[in-house]
There are 2 protein chains.
Amino acid sequence: MSQPIDRRLPRAEVRTRPAGPPTLATVADEAGVSRQTVSNALNNPDLLRPETLERVQEVIERLGYSPNRAARQLRTRSSHLVGLRFEPAQEGTSNALMDRFLHSLVAAASRTGHHVLLFSGDPDDPLDGYDDLLRSTAVDAFVVTDTYAGTPQAGFLKDRDAPFVTFGRPWEDPHADHAWVDVDGAAGARAATRHLLEQGHRRIAWLGWERSSRIGQDRRSGWEEALRAEGLDPTGLGVRVTDNVDAARMATHHVLDDPTVTGFVCASDTLGLGVLHALAERRLQPGADVGVVGFDDSAAAQVAWPGLTSVRQPLEDVAVALVHTLHDVLAHRPVAEQGRMLEPSLVVRRSSLRGWTP
Amino acid sequence: MSQPIDRRLPRAEVRTRPAGPPTLATVADEAGVSRQTVSNALNNPDLLRPETLERVQEVIERLGYSPNRAARQLRTRSSHLVGLRFEPAQEGTSNALMDRFLHSLVAAASRTGHHVLLFSGDPDDPLDGYDDLLRSTAVDAFVVTDTYAGTPQAGFLKDRDAPFVTFGRPWEDPHADHAWVDVDGAAGARAATRHLLEQGHRRIAWLGWERSSRIGQDRRSGWEEALRAEGLDPTGLGVRVTDNVDAARMATHHVLDDPTVTGFVCASDTLGLGVLHALAERRLQPGADVGVVGFDDSAAAQVAWPGLTSVRQPLEDVAVALVHTLHDVLAHRPVAEQGRMLEPSLVVRRSSLRGWTP
DNA sequence: ATGAAAGCGCTAACAA
DNA sequence: TTGTTAGCGCTTTCAT
């Protein structure tokens, strides 16, 4: 019969004391324009008359308005979030890489207005975690770091049309056509080996990982090439161990039973530190007696005595390249280069220098 | 005049090939129930008749449905995201803490359905980054890790009613009433000192940070207490340096000019490594000649020769406690304890053991 | 150059 | 127990 009573507070009343942070409507009311105009002020400022724009911006500033992400994401289907699966660091190995890389990535992503979303997954299932995030449209894209030869992440993500970039080239798969960024490990090992050659070493051993590691094989190839380029024969100088200090220490003792060997290029800092342990036990002096080079320039390499020369990955550049590539991928733009290969650099410390004394 | 033509595709047609992932409506159609019922199946399963529930769940499973996060967030005002400002690791210091902590946090948060959002900020402005995230309602809460005496983050966040927990107690502020989790640094240093006492050392030096570091002062107090409890006088045995290997190395040489000193408890692994450097230069044997204990159990401590004994923070427990506390804070539940203090443990390696030989 | 209307996918409040 | 309605805050489309 009678009109239902409108129990809503009068519009102005509501806006006077908004419960939470200001919304687009608050700003619009305050500036005396429509909500759409405020939206345009944010996303298409060119459409506004300069004076309107300025007025709106003043209100935005004054109210400390920031667009609600959920609403924007719901509408534009873009979260401005980049997902990264974050695996536990292996205890006992000097995995300082992730720390440095992650910070570079966060910084690089923030420059394009993106944030990094960390998620975890069952260590036994390399795909765990991705699907959930994808189906709930929580992230715009993924950065995949834990790729090695034959990992299924790329195929999985490609199947679902998920935008992604890998840190790590697609080793074995000639058909892979996804974007990637990687560091030239062979070039790093080559530089390390050449550095020891320049220091006068001729019999330089390689201390690396098992044959199954594609990354390890790549790095090893750089050592081999550098030796052969000098007319030296690497035969019998390559050793494979698991990536821990003690395995490296013992292997080193074995190698040093051949007194002609005076140099070690290692696939990781962990292994390099293992060599230093063996030298300490044999009362040999790093640098002067035996030259040692590690890989990754971890914190451990920096603070170990007497300082471990190491191949440093340009992680800052890697992060920038990843974000840049992601940008193209997300814009459905053909990615300029499918893969970007970056050069590592050598950080020389005393473990590879002949002329120093404690 | 005439009815406007309905240009929409018939409902069923639309749903047959949805553009993106399935939505709640897709599931509802498929299961022959209303959307609300599907929502209830997800959030209040008890409300449904078992057979309805089962049918809906079957469809959800079959379609691989996952609720759209943006929509849910917009409605519930909860993103299930925890913000963490991620600072760059200091090069040259062995900051392995963040790596371990971060993984523990990601894992702990995932158990309550939360993800960790990383953001960066101007290093010169401890508040940079927080406000943006807050105003755009991007995160539910913050974990604040870079607190030290007098940092403004807590006050800032409290002013805006932002839920947060700090890793680090509110040192100087007796009025602080926010939730926190911390590790008892004094207890750690006490354990380290007692360990060296048990190894037979009597003149044990403290190698710590500048007086301005509240954390450093706390740790130092543990060393002092342990000595006094034994009737020993710490006077003249405490040294303050900046947190880098070389400063520690030089300070150690200075301390060792007093030949009665045979033990070092350090405020960090970086400093502990510095002590080891000095010992190497003096051809003294760690453990046998001089006992050394570091702090944080970083990767560097683990791989350094001959193994650096160190105080290990229970970061896994810290992460769990943080998430647990956050859970209470977010539920507006009175937090059980305002602060949770966790005990570190001592990881003994050879740098503090008398009876080993290389 | 500005405004009005519709709707993204979900859940809170209410009705049946 | 299930369905209907409304609306979270934003942008897209279309009208003015």
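A, B, ... follow the sequence lines: proteins, then strands. Residue 1 opens every chain.
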[X] side-chain N/O to [N] phosphate OP1/OP2 under 4.0 Å:
| X | N | value |
| --- | --- | --- |
| A:T23 | D:dC8 | no |
| B:R72 | C:dG9 | no |
| A:T76 | D:dT12 | no |

Separation of [N] [atom2] from [X] [atom1] (nearest whole Å):
| X | N | atom1 | atom2 | value |
| --- | --- | --- | --- | --- |
| A:R35 | C:dC8 | CZ | C1' | 14 Å |
| B:L53 | D:dT1 | CG | P | 12 Å |
| A:L24 | C:dA4 | CG | P | 14 Å |
| B:N68 | D:dC10 | CG | C1' | 14 Å |
| A:Q73 | C:dC10 | CD | C1' | 13 Å |
| A:L74 | C:dC8 | CG | P | 9 Å |
| B:R69 | C:dT11 | CZ | C1' | 16 Å |
| A:I60 | D:dC10 | CD1 | C1' | 13 Å |

| request: May I ask you to list the residues of residues 37-49 of chain A, by number, that have any heavy atom positioned under 4.0 Å from an atom of DNA chain C? | output: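 Result for residues 37-49 of chain A: A:T37, A:L47, A:L48, A:R49, sorted by number.
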Out of [options], which has the shortest distance to the side chain of [X]?
| X | options | result |
| --- | --- | --- |
| B:Q36 | C:dA12, D:dG9, C:dG9 | C:dA12 |
| A:R75 | D:dC10, C:dA12, D:dT1 | D:dC10 |
| B:Y65 | C:dC10, D:dG9, D:dT13 | C:dC10 |

Return yes if some donor-acceptor pair links the side-chain N/O of [X] with the main-chain N/O of [Y] below 3.5 Å, else return no.
| X | Y | result |
| --- | --- | --- |
| A:T151 | A:Q153 | no |
| A:D140 | A:V82 | no |
| A:R135 | B:G64 | yes |
| A:N44 | A:L47 | no |

| query | Is any side-chain heavy atom of B:R85 less than 4.5 Å from a side-chain heavy atom of B:D128? | reply |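 Counting from C-beta outward, B:R85 and B:D128 do come under 4.5 Å.
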| request: For residues B:R72 and B:L42, determine if any side-chain heavy atom of one lies less than 4.5 Å from a side-chain heavy atom of the other. | output: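 Side-chain contact under 4.5 Å: yes.
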| query | Using the ring of each side chain (for Trp, its six-membered ring), is A:F86 parallel, tilted or perpendicular to B:H103, with breaks at 30° and 60°? | reply |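 Geometry flag for B:H103 against A:F86: tilted rings.
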| Non-neighbouring partners of A:Q57 that pass side-chain hydrogen bond (donor to acceptor under 3.5 Å, both in side chains), sequence neighbours left out |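 With sequence neighbours excluded, A:Q57 shows a side-chain hydrogen bond (donor to acceptor under 3.5 Å, both in side chains) to no residue whatsoever.
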| Just checking, any donor-acceptor pair under 3.5 angstrom between side chains of B:S34 and B:Q36? |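 Distance-only check fails for B:S34 and B:Q36.
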| query | Can you tell me if NE2 on B:H324 sees more than 12 non-hydrogen neighbours from other groups inside 6.0 Å? | reply |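 Check fails, neighbour count at 12 or below.
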| request: Pull out every residue in residues 109-117 of chain A that has a heavy atom closer than 4.0 Å to any atom of DNA chain D, ordered by number, or say none. | output: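 Those residues whose heavy atoms fall under 4.0 Å from DNA chain D, taken from residues 109-117 of chain A, amount to none.
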| Just checking A:R77: base, sugar-phosphate only, or nothing, at a heavy-atom cut-off of under 4.0 Å? |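 Contact class for A:R77: sugar-phosphate only.
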